[in-house]
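Notes follow the structure.
Values in this document were obtained by computation on a predicted structure and should not be read as measured data.
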Amino acid sequence: MIRGIRGATTVNLNEKDEIIHATTTLLKQLIEHNEIDPAMVASIQFTMTGDLDAVFPAEAVRAFKGWSNVPLLCSSEIPVQGALPLCIRLLMTVNTTIDQDEINHIYLEKAVSLRPDLAS
């Protein structure tokens, strides 16, 4: 079965180190809470709001041992008026036997407001 695992976080500044740190924290929690092995991952799609452009968030994945073959894609979030600023979102597509209602979606920092019903 293929499942999507969602996550989001925010940063305080449009700086490379902040974006990498926030993305790394988000990824670590997604991996831990869903027991993800890189061989299970079909791909990861990242989006960032238009106010973030200091680095591709996918760069954070390169520091994870064994994750170099996972396909990654970065794009801009559509500019919806009033949307949460300084936000990084991801959708990880994985092969798993876990039921849909057992997936742990992770929302951190100010991104908790996006889906309080799913926030960790």
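In plain terms, the two heavy atoms of L26 and I106 that are nearest each other are CD1-O, 3.6 Å. Of all the heavy atoms in I88 and P57, the pair that sits closest is CG2-CB, 4.1 Å. Counting all heavy atoms, side chain and backbone alike, T10 lies closest to A111 at CG2-N, 3.8 Å. Residues G7 and Y107 share a closest heavy-atom pair of C-CE2, 4.5 Å.
Looking only at distances, no side-chain donor or acceptor of D99 sits under 3.5 Å from a matching main-chain atom of D101. In terms of modelled atom types and a separation under 3.5 Å, the side chain of N104 and the main chain of N34 share no donor-acceptor contact.
Cluster note: I78 groups with V80 through ILVMFWY side-chain heavy atoms spaced under 4.5 Å, whether in direct contact or through intervening members.
L108 and I19 fall into different hydrophobic clusters, where Ile, Leu, Val, Met, Phe, Trp and Tyr are joined by side-chain heavy atoms under 4.5 Å apart, directly or via other members. One hydrophobic cluster holds both I5 and V61 under the rule that ILVMFWY side chains link at heavy-atom gaps under 4.5 Å. Linking ILVMFWY residues whenever their side-chain heavy atoms come closer than 4.5 Å, directly or via other members, places F64 and L90 in the same cluster. Taking hydrophobic clusters as Ile, Leu, Val, Met, Phe, Trp and Tyr residues chained together by side-chain heavy-atom distances below 4.5 Å, V70 shares a cluster with V94.
Legend: residues meeting salt bridge (charged side-chain N to carboxylate O under 4.0 Å, His left out) with E32, ordered by chain and number and at least two apart, are absent. Shown here are the side-chain contact (heavy atoms from CB on, under 4.5 Å) partners of S113, two or more places apart in sequence or in another chain: L84. Among residues two or more places apart in sequence or in another chain, the side-chain contact (heavy atoms from CB on, under 4.5 Å) test is passed with A60 by I20, T23, T24, L27. Scanning for side-chain hydrogen bond (donor to acceptor under 3.5 Å, both in side chains) contacts around D53 gives N14, with sequence neighbours left out. Not counting sequence neighbours, the partners of T49 by the side-chain hydrogen bond (donor to acceptor under 3.5 Å, both in side chains) test are D51. With sequence neighbours excluded, the residues that form a side-chain contact (heavy atoms from CB on, under 4.5 Å) with I2 are T93, N95. Partners of K28 according to the side-chain hydrogen bond (donor to acceptor under 3.5 Å, both in side chains) rule, which considers only residues two or more places apart in sequence or in another chain, do not exist here. Checked against side-chain contact (heavy atoms from CB on, under 4.5 Å), I98 has the following partners two or more places apart in sequence or in another chain: T96, E102, I103.
In this structure, CE on M48 lies 7.5 Å from OG on S76, to the nearest 0.5 angstrom. To the nearest 0.5 angstrom, M92 atom CE is 9.5 Å from M40 atom CE. Rounding to the nearest 0.5 Å places CG of L72 at 6.0 Å from CZ of F46.
Taking 4.5 Å as the limit, every side-chain heavy atom of I36 sits out of range of all side-chain heavy atoms of L30.
Residue pairs meeting the salt bridge (charged side-chain N to carboxylate O under 4.0 Å, His left out) criterion with at least one partner in residues 12-25, sequence neighbours excluded, are K16-E59. Sorted by first then second residue, the salt bridge (charged side-chain N to carboxylate O under 4.0 Å, His left out) pairs that include residues 64-77, not counting sequence neighbours, are E77-R89.
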Task: Candidate pair T25 and T9, rule side chain to side chain contact (heavy atoms under 4.5 Å, CB included), full reasoning - done: CA-CA 9 Å; T25 300; T9 190; over 6 Å; no
